[in-house]
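Chain A is the first sequence line, chain B the second, and so forth, proteins listed ahead of strands; every chain is numbered from 1.
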Amino acid sequence: MKLSPSPARGIVAAARPSTHSPTYEALLRAGPRLRPLQQVHARIVVVGLHRTRSLLTKLLTLALSSSSSASVAAYARALFLSVPDPDAFLFSSFIAAAARSGRPADAISFYRRMSAAGFAPSNYTFTSVVKACADLAASRTGRVVHSRSLVEGFESDGFVQTALVVFYAKSANLHIARKLFDRIPKRTVVAWNAMIAGYEQNGLAEEAVVTFRKMQEAGEEPDSTTLVSLLSACSHIGTFNLGQWVNDYIEHKGLKVNVVLGTSLIHMYARCGHVEKARKVFDEMPERNIVTWTAMMSGYGMHGHGQQAIELFQQMRLSGLLPNDVTFVAILSACAHAGLICEGREAFVSMKLDYGLVPRVEHQACMVDMLSRAGLLDEAMRFIRIDMEGKASAEVWTAILGACKMHKNLRLATMAAEQLLAIEPENPAHYVLLSNIYASVGRMDQVEKIRNLMIDRQLMKQIGYSSIEIDEVSHVFRMGDASHRQTMEIYRYLDGLMDKIKEAGYLPETGSALHELEEEEREVALRFHSEKLAVAFGIMTTSQSTIIKIFKNLRMCGDCHSAFKFISLVSRRAIVVRDNRRFHHFEQGLCSCQDYW
DNA sequence: GTAGGGTTAG
């Protein structure tokens with residue numbers, strides 16, 4: 001019976017005598033609290049009502065709506081199994097609760113029991129089970145459940161279909177996800193969010209933004225979940241303008257900045273080159289958790305502000321929050337990028353001793369990176385032998401290799417590169433690195449051999465590109481690009497710039513150029529690296545006070561790094577480059593990475 | 001007779 005919210009409501013309710021049994025009343029009084037519920041349960045057993053389905057159902061649903069913990073889960077499971085003849089209602093309550101509280105395997109196994117017992121799942125049941133399949137990445141089961149839902153006639157059910165969109169997106173089947181999404185009759189904000197997040201999580205940030213635009217065209221208002229995915233997309237592509245728009249939107253609409261949204265803002269600002277703005281958001285957040293602190297520390301780390309990362313870490317410890325393994329990845333990588341060897345060693349010991357955390361490959365890679373960048377190559381190799389028992393991953397060898405190039409250790413470099421080829425024979429970047437090393441010592445026979453190997457294995461070099469945003473328009477350049485409509489001016493401007501920096505003492509590092517070219521050609525090839533085109537375009541089209549911000553999809557090469565230092569000097573401009581590893585702030589001939597990169 | 005669903009951060 002539905003009661004109208006009239007003043008008589010209280011009177012009606014009070015006047016109606018209870019039709020429940022005393023035991024049922026006791027359950028209601030106990031509420032969603034485990035201990036009192038278990039006491040009533042004991043009484044149910046004592047009076048011999050322990051096989052009464054209605055009582056056990058109420059007991060179970062109350063227990064499931066109490067705070068979810070391992071003990072609740074175990075209790076609920078045992079309770080369910082004690083019911084002699086569970087009905088569809090009991091099954092779906094249990095399945096929904098399991099899916100909701102992080103026990104997807106239970107949800108699926110009870111879905112199977114339910115089917116075996118001859119009950120047809122409802123749309124509620126399907127939604128929960130599909131979510132469970134998505135969480136477990138159980139792609140085969142998910143597809144079977146999907147076909148069953150079609151048989152049961154839920155092809156147009158918004159809830160079931162949205163859950164399926166999430167499921168297919170998590171299984172990287174974005175085409176299917178999109179098809180289902182397009183067929184949802186009334187797309188709610190949750191459906192849009194699922195699709196946008198799906199693209200974002202599969203690395204298709206641009207597609208996520210495009211879908212967001214479609215959402216706006218469809219007249220659907222974004223909520224904080226939409227904005228979180230959008231901010232992630234901005235962080236990936238490095239589109240500061242859209243990120244800033246999100247911030248303005250939040251302020252304009254007076255949306256509450258919850259922990260997740262605030263953390264996303266911090267991440268976006270840091271990844272788009274604005275650590276100070278990230279810090280401002282951090283300082284203004286009413287509530288912060290470990291993810292928030294870690295995001296801020298890693299933001300400092302990628303800008304080379306290791307000391308600030310450490311300070312924040314100390315503050316966090318004082319606030320009583322416990323760091324986890326991701327926090328230590330942030331700290332160690334901050335130390336590696338800032339050359340803070342002592343602090344890094346200390347943190348590595350502390351994570352094991354003070355927090356009982358077991359170092360994972362990521363932590364070990366940070367340590368090797370840190371030691372080898374600092375020129376402590378012997379110690380780095382000892383770390384691999386002892387701490388890693390000689391089993392180094394591709395990341396670790398890449399770190400060693402990078403350091404070898406920096407510190408001109410050709411013997412070790414060759415060894416590291418060969419290891420890399422053995423571990424990841426399908427990664428073209430390793431071949432290019434190794435051949436560059438051979439080229440730099442004049443071993444052209446080896447260079448040729450590696451080139452042929454690449455051709456045999458049909459490996460293509462990953463294509464590098466750089467982008468720069470000017471007046472909210474993103475300009476993308478590839479090496480030797482001639483597609484920009486101002487190409488002629490850009491190249492002319494770049495030529496002038498290169499002449500000026502040569503006068504100032506710049507020497508081209510031809511080791512960074514393509515290995516198959518002759519010396520003079522290499523210098524020309526270097527000159528047209530995508531980031532150089534982008535920087536020339538940026539300087540010529542913006543005013544003196546504008547900071548030039550460039551985004552590069554690959555690691556910046558040594559020659560460009562050196563050239564940019566000189567460019568910042570002769571043009572008296574501040575230049576910020578975000579490559580796939582970190583930020584470089586160039587100013588007055590120096591880089592914030594102190595040439596640790 | 002009973003309750004229950006899909007989306008988000010390092």
Considering every strand and a 4.0 Å limit on heavy-atom distances, what is the contact class for A:G299: base, sugar-phosphate, or nothing?
nothing

Ignoring the backbone of A:V190, work out which of B:dT8, B:dG1, B:dT7 is nearest its side chain.
B:dT7

Could you tell me whether A:S264 contacts a base, only the sugar-phosphate backbone, or nothing, with contacts defined as non-hydrogen atoms closer than 4.0 Å?
sugar-phosphate

Partners passing ring pair (Phe, Tyr, Trp, His ring centres under 6.0 Å) against A:H274 (at least two apart in sequence or in another chain):
A:F240

A:K58 side-chain N/O to B:dG1 phosphate OP1/OP2 under 4.0 Å
no

A:F181 pairs by ring-ring contact (aromatic ring centres under 6.0 Å, His included) with which of A:F167, A:Y168, A:W192?
A:W192

Of all the nucleotides listed (B:dG6, B:dA3, B:dT8), which has the minimum atom distance to the side chain of A:S92?
B:dA3

Between B:dG6, B:dG10, B:dT7, which nucleotide gets closest to the side-chain atoms of A:A197?
B:dT7

As a test of reading the structure: which of B:dT7, B:dG5, B:dT2 is closest to the side chain of A:T57, going by heavy atoms?
B:dT2

Does any N or O donor sit under 3.5 Å from an N or O acceptor when you compare the side chain of A:N324 with the base of B:dG10?
yes

Is a donor-acceptor contact shorter than 3.5 angstrom present between the side chain of A:T188 and the base of B:dG6?
yes

Where the side chain of A:A295 is concerned, which of B:dA3, B:dG10, B:dA9 is the nearest nucleotide?
B:dG10

May I ask you to say what A:V166 touches in the nucleic acid, namely base, sugar-phosphate or nothing, with a heavy-atom cut-off under 4.0 Å?
sugar-phosphate

Value in whole Å for how far the P atom of B:dA3 lies from CZ of A:F110:
21 Å

Which nucleotide in B:dG6, B:dG10, B:dG5 has an atom nearest any side-chain atom of A:D157
B:dG5

side-chain N/O A:Q201 vs B:dT8 OP1/OP2, d < 4.0 Å:
yes

Separation of A:F119 atom CZ from B:dT2 atom P, in whole Å?
19 Å

Is the base of B:dG5 touched by the side chain of A:S122 through a donor-acceptor pair closer than 3.5 angstrom?
no

Remember a base hit wins even if backbone is also touched, and classify A:I290 as base, sugar-phosphate or nothing at under 4.0 Å, heavy atoms.
base

Could you check which of B:dT2, B:dG5, B:dA9 has an atom nearest any side-chain atom of A:F89?
B:dT2

Would you say CZ of A:R112 has more than 12 non-hydrogen atoms from neighbouring residues, nucleotides or ligands within 6.0 angstrom?
no

Just checking A:S54: base, sugar-phosphate only, or nothing, at a heavy-atom cut-off of under 4.0 Å?
base

Calculate the interatomic distance between A:M302 atom CE and B:dG10 atom P; express it in whole Å.
10 Å

Round to a whole Å and report the spacing from CG of A:L55 to P of B:dT2.
15 Å

Is any side-chain N or O of A:R100 closer than 4.0 Å to OP1 or OP2 of B:dG4?
no

Which of these nucleotides, B:dT8, B:dG4, B:dG1, is closest to any side-chain atom of A:Y124?
B:dG4

Counting just side-chain N and O atoms, does A:H267 come under 4.0 Å of either OP1 or OP2 of B:dG10?
yes

With side chains defined as the heavy atoms from C-beta onward, is the minimum distance between A:S333 and A:M370 less than 4.5 Å?
no

Output all residues satisfying side-chain contact (heavy atoms from CB on, under 4.5 Å) with A:A295, sequence neighbours left out; order by chain, then residue number.
A:T263, A:I266

Hey, does the side chain of A:R271 reach the backbone of A:M302 with a donor-acceptor pair shorter than 3.5 angstrom?
no

Could you say whether the aromatic ring of A:F159 and the base of B:dG6 stack, counting only centre distances under 5.5 Å and plane angles under 30°?
no

A:L60: which of A:T57, A:L62, A:L64 passes side chain to side chain contact (heavy atoms under 4.5 Å, CB included):
A:L64

Rounded distance (Å) that lies between atom P of B:dA3 and atom CD1 of A:I95
18 Å

Among B:dG5, B:dA9, B:dG6, the one nearest any side-chain atom of A:K131 is B:dG6

Under 4.0 angstrom, heavy atoms only, what part of the nucleic acid is A:D135 near: base, sugar-phosphate, or nothing?
nothing

Which part of the nucleic acid does A:N258 contact within heavy-atom distance under 4.0 Å: base, sugar-phosphate only, or nothing?
nothing

Atom pair distance, as rounded to whole Å: CG in A:L27 and C1' in B:dA3
15 Å

Without decimals, in angstroms, what is the distance between A:R53 CZ and B:dA3 P?
15 Å

Can you tell me how far C1' of B:dG5 sits from CD1 of A:I184, to the nearest Å?
14 Å

